[in-house]
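In what follows, every heavy atom counts, from backbone to side chain, and hydrogens, waters and symmetry copies are set aside. Everything numeric here is computed off the predicted structure, so don't read it as measured data. Both ligands and their constituent atoms are indexed starting at 1 by order of listing.
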Amino acid sequence: MKKKKILVSGGAGFLGSHLCERLLKDGHEVICLDNFFTGSKKNILHLMDNPFFEVIRHDITMPFFIEVDEIYNLACPASPIHYQFNPIKTIKTSVAGSINMLGLAKRIKAKILQASTSEVYGDPQVHPQKEDYWGNVNPIGSRACYDEGKRCAEALFVNYRKQNNVRIKIARIFNTYGPRMDPQDGRVVSNFIMQALKGDDITIYGTGKQSRSFCYVDDMIEGLILLMNTDDSFTGPVNLGNPNEMSMLDLSSLVRELSGSESGNTYDDLPEDDPMQRQPDISLAKKALGWEPKTPVREGLERTIDYFKKLQSES
Ligand code: NAD
Ligand code: UDP
């Protein structure tokens with residue numbers, strides 16, 4: 001296998017840090033680009049001694065120049081609390097950031113993968129979601145900075161391909177969880193586990209009947225790498241996620257059971273435009289990448305609970 005030079009934007013984040021780790025393990029040279037908005041040096045501390053790993057503090061809304069073979073564009077806050085903190089910045093990161101990364105890919109003839117999202121389907125009226133569904137997104141709602149930013153990024157990617165023949169790949173990532181999630185970032189898996197471990201009530205938004213499908217991080221990273229390594233004729237978009245759909249009430253029961261917690265449930269308002277159901281149709285990923293998730297949700301949650309227990313014992 002050829003040793004490649006690979007740029008990972010957002011490399012100090014949850015998914016990015018796992019991706020950097022895996023690419024180094026596969027024998028590549030990795031450059032992690034991050035502005036540390038939601039990412040942390042702690043996520044990549046264990047990689048710092050590797051001479052083939054480099055970290056650069058940089059905001060992708062500003063141009064960046066380097067020579068690499070591949071670019072994984074993961075930079076963008078992913079949890080609703082963080083992406084709604086500065087919505088204009090979130091849009092700039094997806095739009096101006098993608099333009100900068102695509103411009104770089106064009107100039108140096110690198111392959112580039114975009115971390116898109118199931119949020120491009122909005123509150124979907126088709127279930128499960130297939131790649132040919134155009135989505136149901138509120139362009140002026142509180143999630144729009146993220147959803148519409150990612151939709152515009154997809155449009156940029158396909159047009160850089162059409163106009164400039166840039167080798168692109170688009171992954172539509174569904175809810176992913178695992179060690180190194182930020183316990184403070186408000187996503188459901190980290191919230192529920194932290195609450196269960198502390199013995200606090202588990203916060204269910206709305207009725208808790210809304211559903212999501214949760215994919216373990218190692219499976220997701222495998223999918224992203226397989227996608228990057230497909231033939232140039234395959235661009236996606238392709239759904240990556242675990243079709244194992246569950247309601248937030250079921251998730252709370254499972255987390256309670258696996259962490260041996262006696263926490264109860266407490267109910268809060270459902271956030272604006274919160275999608276009611278979400279499940280990936282992964283037939284394309286199976287066919288084009290030979291990929292499907294391997295980690296059962298119980299096993300993945302157990303590993304994640306262990307991680308949060310360790311975090312707690314260190315603080
Ligand atoms: P994360 O917030 O942990 O990581 C994002 C990283 O990007 C952080 O390290 C952050 O500091 C960095 N960043 C943000 N804005 C930046 C900018 N302007 N310039 C440079 N760096 C910047 O989130 P994550 O869960 O690791 O998500 C990674 C990518 O995958 C995101 O693009 C996200 O939209 C996408 N995604 C994630 C999920 C999921 O469930 N985790 C689902 C769908 C899509
Ligand atoms: N959610 C919840 N309690 C929480 C955090 C989130 O019930 O403490 C719900 C949220 O309303 C949504 C689902 O869990 O319906 C997933 O939320 P998350 O923010 O993790 O991801 P996204 O909505 O972006 O898929």
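- Residue contacts with ligand 1 include Arg187, since one or more of its heavy atoms lies under 4.0 Å from the ligand.
- A salt bridge is defined here as a Lys NZ or Arg NE, NH1 or NH2 lying under 4.0 Å from an Asp or Glu carboxylate O, and Asp132 with Lys130 fails to meet this definition.
- Residue Arg172 places every heavy atom at 4.0 Å or more from ligand 1.
- Atom 1 (N) of ligand 2 has its nearest heavy-atom neighbour, among Phe174, Tyr177, Tyr205, in Tyr205.
- Shown here is Phe85, whose CZ atom has no more than 12 heavy atoms of other residues, nucleotides or ligands within 6.0 Å.
- Ligand 2 has an N or O atom lying under 3.5 Å from an N or O atom of Asn191, backbone or side chain.
- The shortest N or O to N or O distance between Ile204 and ligand 2 is not below 3.5 Å.
- Seen from the ring of Tyr216, Arg303 counts as a face-on cation partner, given the 6.0 Å and 45° thresholds.
- Proximity of Ser116 to ligand 1 is established by a heavy-atom distance of less than 4.0 Å.
- When non-hydrogen atoms are compared, ligand 2 lies under 4.0 Å from the side chain of Asn175 (C-beta onward) but not from its backbone.
- A salt bridge is defined here as a Lys NZ or Arg NE, NH1 or NH2 lying under 4.0 Å from an Asp or Glu carboxylate O, and Arg151 with Glu154 fails to meet this definition.
- For Lys150, the heavy-atom gap to ligand 1 drops under 4.0 angstrom.
- Using a 4.0 Å heavy-atom cutoff, Gly186 is listed among the residues neighbouring ligand 2.
- For ligand 1, the atoms sitting less than 4.0 Å from at least one non-hydrogen atom of Thr93 are 15 (N), 18 (N), numbered in the order shown with element in parentheses.
- Here the protein heavy atom with the shortest distance to atom 10 (C) of ligand 2 is Asp274 OD2, 3.3 Å.
- A 6.0 Å sphere centred on NZ of Lys4 holds more than 12 heavy atoms belonging to other residues, nucleotides or ligands.
- Across Ile202, Asp147, Val188, heavy-atom proximity to atom 14 (O) of ligand 2 is greatest for Val188.
- Other residues, nucleotides and ligands contribute only 12 or fewer heavy atoms inside 6.0 Å of the CZ atom of Phe52.
- With a 6.0 Å radius and a threshold of 12 heavy atoms from other residues, nucleotides or ligands, Lys3 has its NZ atom above the threshold.
- For the pair Ala12 and ligand 1, a heavy-atom separation below 4.0 Å is found.
- Figure legend: Lys169 and Phe234 shown without cation-pi pairing, the cationic atom not lying both under 6.0 angstrom from the six-membered ring centre and within 45 degrees of its axis.
- At least one heavy atom of Tyr146 sits less than 4.0 Å from an atom of ligand 1.
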